[in-house]
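The structure under discussion appears below in the form of structure tokens.
The residues of the chain are indexed from 1 along the displayed sequence. Values below: all heavy atoms of this structure, side chains included; hydrogens, waters and symmetry mates excluded.
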Amino acid sequence: MSKRQRPNGGSVWLNLGTIVVAVILAVATAAGFGVALSKRADSPRAARPVPTEVAATSPSSQRAANAAIAPVATVLAAFDDRTVWVGRGGSCAKGGAQVSITHDGGLSWSKRTLPGAVRSLTRVHATGAEAAFIVGAGTDCQTRTWGTGDAGSSWSDPQRPSETWARNPKGGATVVSPADPASPACPDSSVVDLDANTDAGVVLCANGQILTSGTGKSWAPRDQKPKAVAVAAGSGAVFAAEVNTSGCTGVRVSEVQMQAVTNTGDATSPPTTLRESDEVSGTTPSTPSCLSVEKVEAGSVALALVGKGGWLTVGNDLYRSDDLKRWDKAGTISAG
């Protein structure tokens, strides 16, 4: 009797192995496909592109793209074409406030010792060749004022602000005003700069809006300058320093479109194109010249008006103009 031949064991296991491997690959492939589908469904790249309309650049987005825009870190005040005060703001927490004065138009400087309590400096205002007052704060960040009659060699005792304009040492949207020590000048933004004349205060907000007020009770919008970094109020005229405007890599000083504001009340009328500076300062309408500056550091620009001209700081450089159009370097600011 012939014996039944047994199947080849190796062939059987080979076939079974092939089948098992195929099943595993199939399962893995299906699982991987499922994972890929899951990832593809959550991935932003998998979403079908939706056509969108490109909106016009808003003032706020223009300012965000301009790295030179920040609250001013320099305070500037001028009495005439020779006497100029320049201060560094510092902060309530870290200190660093300082002030220097020049009596020769920026050729030489004398650093003045501030009162011991001053850690943050938010305004300097020159009232005479030797007289000025400063607005600042100590570690408590409560605004105080100090005065000098000898060009900063000595200072009066601190006083609570009265009939005074200044930026809030804490920053934010409010300013110190005659009517309110926390006047909400920039409710939808934050304060970049502030100045005042005998009639009103003027504030530049981070959204590019420029507003004025007679007392600080309410604020009236006057102009919109998306690239403005500093503002200054003269006798009936307001100007702003703008950075990297069309056709100008550097700084350009231009007039703010507004109408006169009196101290009989707050300004509530809409902005106009009345050129107050033509009448008060004697300037003539023309395109301001560009002060070419390769790089403008954030917060380093300050502007002050005096007579028909003004003073401008860009970093440690001081510039002078007799007509607010052409600017010439007057000197380099030093600690003295």
Side-chain angles (χ1 to χ4, degrees), residues 56-76 78 86 167 185-186 188-197 201-212 221-234 237-258 271-278 281 283-306 308-330:
T57 304
S58 65
S60 58
S61 63
Q62 289 180 22
R63 292 181 72 80
N66 188 351
I69 294 173
V72 293
T74 300
V75 291
L76 175 67
V86 176
R167 289 181 294 116
C186 302
D188 300 322
S189 186
S190 59
V191 176
V192 171
D193 197 12
L194 174 143
D195 199 14
N197 57 23
V202 56
V203 67
L204 168 64
C205 301
N207 60 7
Q209 197 170 48
I210 298 173
L211 306 94
T212 61
R222 294 300 183 183
D223 205 348
Q224 186 82 35
K225 290 184 178 293
K227 295 190 175 183
V229 295
V231 70
V238 176
F239 282 76
E242 300 175 272
V243 173
N244 297 335
T245 55
S246 177
C248 175
T249 300
V251 181
R252 175 173 282 158
V253 176
S254 62
E255 187 177 5
V256 173
Q257 295 183 4
M258 61 174 294
T272 71
T273 56
L274 177 65
R275 297 184 59 84
E276 283 295 318
S277 62
D278 293 347
S281 297
T283 60
T284 56
S286 67
T287 301
S289 62
C290 173
L291 175 61
S292 180
V293 180
E294 184 176 347
K295 183 179 181 180
V296 180
E297 297 292 340
S300 69
V301 177
L303 179 65
L305 305 182
V306 57
K308 298 179 180 180
W311 295 89
L312 177 72
T313 65
V314 182
N316 289 323
D317 294 326
L318 179 71
Y319 297 88
R320 167 70 181 162
S321 175
D322 293 327
D323 57 8
L324 298 175
K325 301 178 184 67
R326 175 186 173 87
W327 294 87
D328 297 308
K329 187 173 179 179

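Nearest approach of Val301 to Ala241, heavy atoms of both residues: CG1-CB, 3.9 Å. Arg222 and Val256 get closest at one heavy-atom pair: CB-CG1, 4.5 Å. Taking every heavy atom of both residues into account, Ala78 and Ala304 meet most closely at N-CB, 4.3 Å. Contact record, Cys205 with Ala185: SG-O, 4.1 Å, taken as the closest heavy-atom pair.
At least one side-chain heavy atom of Val203 sits under 4.5 Å from a side-chain heavy atom of Cys186. Contact of the Leu324 side chain with the Leu305 side chain is registered, since non-hydrogen atoms from C-beta on lie closer than 4.5 Å. Side-chain atoms of Ser189 and Gln209, non-hydrogen and from C-beta on, never get closer than 4.5 Å to each other. Under the 4.5 Å side-chain criterion, counting only non-hydrogen atoms from C-beta, Val75 is in contact with Arg167. For the pair Asp193/Val229, no side-chain contact is recorded, criterion being any heavy-atom separation below 4.5 Å from C-beta on.
Formation of a donor-acceptor pair under 3.5 Å by the Thr313 side chain with backbone atoms of Ala302 is found in this model. Asn244 places a side-chain N or O within 3.5 Å of a backbone atom of Gly250 that can act as its donor or acceptor partner. The backbone N or O of Ala233 lies less than 3.5 Å from no partner atom in the side chain of Asn197, so there is not a single donor-acceptor pair.
Taking NZ from Lys225 and CD from Gln257, the interatomic distance works out to 6.5 Å, rounded to the nearest 0.5 Å. The CD atom of Glu242 sits 9.5 Å away from atom CG of Leu204, with the distance rounded to the nearest 0.5 Å. Between Trp311 atom CH2 and Arg320 atom CZ the span is 5.5 Å, to the nearest 0.5 Å. Rounded to the nearest 0.5 Å, atoms CG (Leu312) and CZ (Arg252) are 13.5 Å apart. Interatomic distance, Leu291 CG to Arg326 CZ, rounded to the nearest 0.5 Å: 10.5 Å. Separation of atoms CH2 (Trp327) and CG (Leu318) is listed at 9.5 Å; rounding is to 0.5 Å.
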